[in-house]
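Here's the structure, in structure tokens; my notes come after.
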Amino acid sequence: MTTSSAPGKIYLFGEHAVVYGEPAVPCAIERRARVTVEQREDSHLRVHADDLSLDGFTVEYSGATDAAPDIDVSESLIQAAMGYVDAAVRQARDAADAPDAGFDITIESDIPLGAGLGSSAAVTVAGIDAATRELCVELEAEEIADRAFQAEYEVQEGQASRADTFCSAMGGAVRVEGDDCRAIDAPDLPIVVGFDGGAGDTGELVAGVRELRETYGFAANTVAAIGDIVREGERSLAEGDIERLGELMDFNHGLLEALGVSSRSLDNMVWAARDAGAYGAKLTGAGGGGCIVALDDSEETETALRFTPGCEETFRAGLDREGVRLEEQ
Ligand SMILES: Nc1ncnc2c1ncn2[C@@H]1O[C@H](COP(=O)(O)OP(=O)(O)O)[C@@H](O)[C@H]1O
Ligand SMILES: C[C@@](O)(CCOP(=O)(O)O)CC(=O)O
Ligand SMILES: [Mg+2]
């Protein structure tokens, strides 16, 4: 039996634009997905996910590739829930050259689903690490990142950048521009997350930006301007200039809003954080609903978010310098 874990992430800058080759800077946060894998005698797959919430449902399921899941929900929901796990298992079987390996898999995660904190990447990265180790193969973090990207790319039908999976595998702050992925130095950041309890459909939101970008030249310029913010933000990060980082996050949020991926509750939380004196605040990830990220070393932003209509949960989540790791074997 092998348990591996991998962190979720926030985007300091650059989501969406990273899909079109602009750079992005995601940072791993201290919230993890833990995946426990035990090889079976047969080639079946049995998955158990605690408190897996899908579109407001909480389901507990266990299924096998050749058997119906033991819960009464639609096939499409199960497909959505299983997609990343199946893809991670395919990658592990391929890496270990064990096409018929079967597993019992248990997933526990502190990362809300579909909320822009990279739960899919964390589950995929931790799943590949645990399953390959179970097959006596130890992969480098970079290879896990690459295989997890292939898995996300497959599930998201070609609409994925390397940012989430590389960040989750490596930990810390990273910079991703096309296929060029690298770890970067970052100071400890006072990260506060606000969560509206909802989720956005990453594929749909990415498709919406794509359409805007194809329809309007100025939308393409907006995407390019996000790239300029990221380049400026990298300098501020290197200098540890948190005030400027905050200002650039505010700017980045404005451009994401212009691209149509914010929402009323995300905007409310962003404004609550700014009014509370945060250095800056923006939505994180695909948007549409889910999480915002703010920088504040005082308690003010968390207190304000607790009283903000539409904010369901707020928590401080420090930068996690560790990426994928073995928990138990
Ligand atoms: N705890 C979990 N158990 C099983 N699958 C999970 C879990 N967390 C995330 N996933 C998978 O990741 C998907 C959500 O990923 P995505 O839509 O990319 O949003 P995000 O990565 O921002 O959280 C879920 O639909 C599910 O397939
Ligand atoms: C919108 C995008 O830039 C980030 C999506 O992040 P998340 O799955 O919402 O955590 C898409 C991508 O980079 O693959
Ligand atoms: Mg995701």
Side-chain angles (χ1 to χ4, degrees), residues 5-11 13-29 31-36 47-55 57-63 76-88 105-127 148-149 151-153 155-168 174 176-178 181 193 195 198-210 223 226 230 252 256 259 261 266 283-293:
S5 74
K9 56 95 237 279
I10 54 98
Y11 275 91
F13 314 107
E15 56 272 87
H16 284 289
V18 70
V19 175
Y20 308 98
E22 298 293 344
V25 178
C27 296
I29 57 167
R31 284 232 162 185
R32 288 189 166 250
R34 275 168 297 280
V35 181
T36 300
V47 180
H48 175 82
D50 275 325
D51 294 327
L52 177 61
S53 127
L54 283 166
D55 291 343
F57 293 97
T58 297
V59 298
E60 182 177 298
Y61 66 86
S62 60
S76 62
L77 277 182
I78 294 298
Q79 285 301 333
M82 292 291 298
Y84 294 96
V85 180
D86 276 349
I105 300 174
T106 303
I107 303 165
E108 296 162 285
S109 171
D110 315 326
I111 311 164
L113 271 74
L117 299 184
S119 72
S120 60
V123 165
T124 308
V125 165
F149 163 68
E152 283 222 320
Y153 192 81
V155 180
Q156 291 167 208
E157 292 165 356
Q159 316 222 65
S161 74
R162 292 180 177 272
D164 286 24
T165 39
F166 186 73
C167 185
S168 184
V174 305
V176 172
E177 183 172 6
C181 303
V193 175
F195 175 37
D201 184 320
T202 304
E204 239 170 63
L205 288 151
V206 171
V209 172
R210 184 181 301 272
V223 168
I226 292 177
V230 181
N252 196 164
L256 287 166
L259 291 172
V261 297
L266 293 174
L283 70 83
T284 175
C291 291
I292 65 134
V293 56

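The shown structure was predicted, so the numbers you read here are calculated from the model rather than taken from an experiment. Atoms within each ligand, like the ligands themselves, are counted from 1 in listed order.
The shortest separation from a heavy atom of G285 to ligand 1 is not under 4.0 Å, leaving the residue out of contact. Taking 4.0 Å as the cut-off, A163 does not count as a neighbour of ligand 2 on heavy-atom distance. Proximity of A121 to ligand 1 is not established, as no heavy-atom distance is less than 4.0 Å. Using 4.0 Å as the threshold, P112 has a heavy atom nearer than that to some atom of ligand 1. Within the 4.0 Å heavy-atom cutoff, A115 counts among the residues contacting ligand 1. For the ligand labelled ligand 2, residue S120 lies outside the 4.0 Å heavy-atom shell.
An N or O contact shorter than 3.5 Å links G116 to ligand 1 by distance. Polar contact check, D164 against ligand 1: no nitrogen or oxygen pair lies under 3.5 Å apart. In terms of polar-atom proximity, defined here as any N/O pair under 3.5 Å, G118 does make such a contact with ligand 2. Considering backbone and side-chain N/O atoms, M82 never comes within less than 3.5 Å of an N/O atom of ligand 1. At a 3.5 angstrom cut-off on N or O pairs, H16 counts as close to ligand 2.
Annotation for ligand 2: atoms under 4.0 Å from non-hydrogen atoms of G285 are 6 (O), 9 (O). Within the listing of ligand 2, atoms 3 (O), 13 (O) sit less than 4.0 angstrom from a heavy atom of V18. The atoms of ligand 1 that sit less than 4.0 Å from any heavy atom of Y84 are 11 (C), 12 (O), 13 (C), 18 (O), 27 (O). Under a 4.0 Å criterion applied to the non-hydrogen atoms of L117, ligand 1 contributes the atoms 22 (O). Counting atoms of ligand 2 from 1 in the listed order, those under 4.0 Å from a heavy atom of E15 are 3 (O). Near T202, meaning under 4.0 Å from any of its heavy atoms, are these atoms of ligand 1: 17 (O), 18 (O).
Distance OH/Y84 to OG/S120: 4.0 Å, rounded to 0.5 Å. S168 contributes atom OG, which lies 10.5 Å from atom CD1 of I29 (distance to the nearest 0.5 angstrom). Rounding to the nearest 0.5 Å places CG of L205 at 11.0 Å from CG of L259. The distance from the CG atom of L283 to the CD1 atom of I292 is 9.0 Å, given to the nearest 0.5 Å.
The side-chain hydrogen bond (donor to acceptor under 3.5 Å, both in side chains) check on S5 picks up R32, E327, with sequence neighbours excluded. Legend: residues meeting side chain to side chain contact (heavy atoms under 4.5 Å, CB included) with A28, ordered by chain and number and at least two apart, are P7, C167, D320. When the side chain to side chain contact (heavy atoms under 4.5 Å, CB included) test is applied to A17, the partners found at least two apart in sequence or on another chain are E22, V223, I226.
Comparing A199, A49, S109, S120 against atom 18 (O) of ligand 1, the shortest heavy-atom distance belongs to S120. For the residues G127, G200, S119, the heavy atom positioned nearest atom 23 (O) of ligand 1 is part of S119.
Residues T202 and Q156 bring no donor and acceptor atom of their side chains to less than 3.5 Å of each other. No hydrogens or angles considered: nothing links the side chains of Y11 and N252 as a donor-acceptor pair under 3.5 Å.
Side-chain contact between E152 and D164 is present, with heavy atoms from C-beta onward closer than 4.5 Å. Contact of the L256 side chain with the E15 side chain is registered, since non-hydrogen atoms from C-beta on lie closer than 4.5 Å. Between H16 and V206, some side-chain heavy-atom pair lies under the 4.5 Å cut-off.
Residue, atom and distance of the protein heavy atom nearest to atom 11 (C) of ligand 2 are V19 CG2, 3.9 Å. Atom 6 (O) of ligand 2 has D164 OD2, 3.4 Å as its closest protein atom, hydrogens excluded (heavy atom only). Looking only at protein heavy atoms, the nearest one to atom 14 (O) of ligand 2 is S161 N, 2.8 Å. Of the protein's heavy atoms, Y11 OH, 3.7 Å lies nearest to atom 4 (C) of ligand 2. Protein heavy atom at the shortest distance from atom 10 (O) of ligand 2 is K9 NZ, 2.8 Å. The shortest contact between atom 9 (O) of ligand 2 and any protein heavy atom is with A286 N, 3.0 Å.
Of all non-hydrogen atoms in T284 and V293, the two that sit nearest each other are CB-CG1, 4.0 Å. Pairing each heavy atom of K9 with each of P26, the nearest pair is CD-CB, 4.0 Å. Among all heavy-atom pairs drawn from P23 and V230, the shortest one is O-CG2, 3.3 Å. Between T124 and A151, the shortest heavy-atom distance links the atoms CG2-CB, 3.6 Å. Nearest heavy-atom pair, R31 versus D110, reported as atom, atom and distance to 0.1 Å: NH1-O, 2.9 Å. Nearest heavy atoms, V123 versus V35: O-CG2, 3.9 Å.
Environment of OH in Y20: crowded, with over 12 heavy atoms of neighbouring residues, nucleotides or ligands closer than 6.0 Å.
Using a 4.0 Å cut-off between heavy atoms, V123 contacts ligand 1 through its side chain alone, with no backbone atom that close.
Counting only protein atoms, the N, O or S atoms lying less than 2.8 Å from the Mg ion (ligand 3) are S120 OG, ordered by chain and residue number.
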